[in-house]
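Beneath this line is the structure, given in structure tokens, with notes to follow.
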Amino acid sequence: MKRFLDILTTVALVLLALIMFACGPSEEQKAQELTDAAAKANEAVAQTFSTAAIEAAYPDIAVKVSLTDSLFHAELITEPVANLFLAKYLQLLPAGDCKPLISKVKAAQGVVKLTVTDLYGQSFSADLAAEHVLSLFTAKFSQLNTTAVKEDIASMIGSQIEVPERFKLAGDLTTSFESGFITVMLPVKPIDVANLSQGNVVFYHQPLINNQWKNLEGFASILKDLGIDGIRVTYADVESDKQVKQAFPWRSIFEE
């Protein structure tokens, strides 16, 4: 008798599991849940970042970001840079508004489709695994490939530095991250370097840099946390090793 009851119990449990599975949420219900969660998350994101939006497209969600400053070109963004800033901004969002949404995307085996568009109509796109995005909520800078990020940011920002009209470049402008600064190398003719002083570089570049960065103090604070202390401009004689360098730390850009 006990054996028979054990068998009945097992069969009953199996049937119950099948019934529970059959009565589970349909694909339409899951899609609606994702849509509702995306709408809630979008409302929270819009309150913090007016240029970002979240849309559901079951099983995925689309995260769309618009760049509103002319200094940034979307085609120069790299995935390490996108990861770092996405992590930073996710961590600024109100707790509990976006994690449940990403968890639903993960459960549906979807992805987060990130698109960043600039003022020039160019864009950067990446499909990010939900597990990866969830990890960004608690990621530290040290976990986000900061060496590559610093070089990529130097390239992205340094290449946009304005050159004073009086100088005609005698080669290609180059960028790098050196000794804590985004370093921009401007190759010019010997006559342009011969009588150039650091004071001249300040005179020519301070107004240009201040104008480019005047609305970006918050962005600069993130760079500072990353270990980027400002911008360095270097004029290099194309016919010798003579150089004139001048650093512009963030304080000189935002406190003047």
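- No more than 12 heavy-atom neighbours from other residues, nucleotides or ligands sit within 6.0 angstrom of CG on N195.
- Under the 3.5 Å distance criterion, the side-chain polar atoms of T146 are left unmatched by any main-chain donor or acceptor of V149.
- Between T234 and L186 there is no side-chain heavy-atom pair separated by less than 4.5 Å.
- In this structure, R232 contributes its side chain and M185 its backbone to no donor-acceptor pair below 3.5 Å.
- Within the 4.5 Å cutoff, side-chain heavy atoms of R166 are placed close to those of D192.
- Interatomic distance, E79 CD to L86 CG, rounded to the nearest 0.5 Å: 10.5 Å.
- E33 has a carboxylate O that lies under 4.0 Å from a charged side-chain N of K104, or vice versa, which qualifies the two as a salt bridge.
- Interatomic distance, I77 CD1 to S155 OG, rounded to the nearest 0.5 Å: 12.0 Å.
- In this structure, H73 has its ring center at least 6.0 angstrom away from the ring center of F124.
- Contact annotation: the side chain of K150 approaches that of L226 to within less than 4.5 Å [non-hydrogen atoms, C-beta and beyond].
- Taking the centre of each ring, F72 and F219 come in below the 6.0 Å mark.
- In D172, the CG atom is not crowded: 12 or fewer heavy atoms of neighbouring residues, nucleotides or ligands sit closer than 6.0 Å.
- Checked by atom type, the side-chain pair Y58/Q32 shows no donor-acceptor distance below 3.5 Å.
- Summarising the local packing, CD of E43 is surrounded by 12 or fewer heavy atoms from other residues, nucleotides or ligands at distances under 6.0 Å.
- Within the 4.5 Å cutoff, side-chain heavy atoms of E75 are placed close to those of D118.
- Summarising the geometry, atom OG belonging to S70 is positioned 7.0 Å from atom CD belonging to Q212; distances are rounded to the nearest 0.5 Å.
- Note that CG of D69 is 7.5 Å distant from CG of L119, once rounded to the nearest 0.5 Å.
- Atoms CG and NZ, from D229 and K224 in turn, are 7.5 Å apart once rounded to the nearest 0.5 Å.
- Using a distance-only test at 3.5 Å, with no hydrogens or angles considered, a donor-acceptor pair links the side chain of W250 to the main chain of I228.
- S240 and D237 are linked by a side-chain donor-acceptor pair at a separation below 3.5 angstrom, with hydrogens and angles left out of the test.
- How far CG of N200 is from CD of Q198: 10.0 Å, rounded to the nearest 0.5 Å.
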For residues 133-145, run the donor-acceptor check on the side chains, cut-off 3.5 Å, and write out each pair with its distance to 0.1 Å, sequence neighbours left out.
unit_1: S135; atom_1: OG; unit_2: H132; atom_2: O; d: 2.5
unit_1: Q143; atom_1: OE1; unit_2: K140; atom_2: N; d: 2.7

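- Side-chain contact between D127 and V112: absent, with no pair of heavy atoms (C-beta onward) separated by less than 4.5 Å.
- Contact check for K214 versus N211: side-chain heavy atoms found under the 4.5 Å cut-off.
- Without hydrogens or angle criteria, S50 side chain to A46 main chain gives no donor-acceptor distance under 3.5 Å.
- Taking the side chain as every heavy atom from C-beta outward, M156 and V81 approach each other to under 4.5 Å.
- Between V188 and K168 the shortest side-chain heavy-atom distance does not fall below 4.5 Å.
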